[in-house]
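This structure is a prediction, so every number in the text was calculated from the model and none was measured. Positions are given from 1 along the sequence.
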Amino acid sequence: MKKLMFCFFLLTGTFAFAQEDDVTIEGNTVTLKEKAPVWPGCESSGNTKNCFDQKLMEHVKNNYKYPRNDKGEFIRGKVVVKMHIDEEGKPVVTSVKGDQKPVIAAVETMLKKMPKMKPGTRGGKPTKISYTLPLNL
């Protein structure tokens, strides 16, 4: 009887702690939950996605410097940024496409100032999370 109870508790403990909340198994389907990267200062926020979006927009407002043309007028334009936050939480810009070269250069400079973040996870393990950002500057 003691051996049977020991096996019961051993198996119960194994099943109870074998999987994290990020992995669920239902029949033949395994689901891995993906969590977005967390911007510094958003760790205690209830909604880290909204906080991330807000901090990113603040970063753009505070760090983007509008380029000027030969007449001293601001150059405006649209760009599409493709980037990812790697497994270590570092932002990596893969491409910046737009119609104005000075705007593209200013966006690349601004993006280099992004802070290191808590990386995103998939199934409880750090993973690369990709983003596409359309910016109208």
Side-chain contact, heavy-atom cut-off 4.5 Å: [X] with [Y]?
X: P119; Y: E87; answer: no
X: I85; Y: Y131; answer: yes
X: Y64; Y: V107; answer: yes
X: M110; Y: H59; answer: yes

Can you name the closest pair of heavy atoms from [X] and [Y] and give their distance?
X: P91; Y: M117; answer: CG-CE, 4.4 Å
X: L137; Y: R76; answer: O-CB, 3.2 Å
X: D99; Y: G77; answer: OD1-CA, 4.1 Å

TODO: Establish, from distance only, whether the side-chain atoms of N69 and E73 form a donor-acceptor pair under 3.5 Å.
DONE: yes
Open item on the list: Let me confirm one number: the NZ-CG distance from K82 to L133, rounded to the nearest 0.5 Å.
Closed with: 11.5 Å
- [ ] Output the distance between atom CZ (R122) and atom NZ (K128), rounded to the nearest 0.5 Å.
- [x] 10.0 Å
- [ ] Verify, without hydrogens or angle tests, whether E43 (side chain) and G41 (backbone) share a donor-acceptor contact under 3.5 angstrom.
- [x] yes
Any link between [X] and [Y] through a network of hydrophobic side chains (Ile, Leu, Val, Met, Phe, Trp, Tyr) touching at under 4.5 Å?
X: V38; Y: M57; result: no
X: V92; Y: I129; result: no
X: V60; Y: V80; result: no

Task: Aromatic plane relationship, F52 with W39 - under 30° parallel, 30 to 60° tilted, over 60° perpendicular - done: perpendicular
- [ ] Apply side chain to side chain contact (heavy atoms under 4.5 Å, CB included) to the pair K49 and D53, showing each step before the final yes or no.
- [x] CA-CA 6 Å; K49 183 185 181 309; D53 293 343; 3.3 Å; yes
Task: disulfide (SG to SG under 2.5 Å) contacts touching residues 28-68 (sequence neighbours left out) - done: C42-C51
Task: Residue from K112, K113, E58 passing side chain to side chain contact (heavy atoms under 4.5 Å, CB included) with N63 - done: K113
TODO: Kindly determine whether L111 and M114 satisfy side chain to side chain contact (heavy atoms under 4.5 Å, CB included), including the steps that lead there.
DONE: CA-CA 5 Å; L111 292 173; M114 287 181 67; 3.7 Å; yes
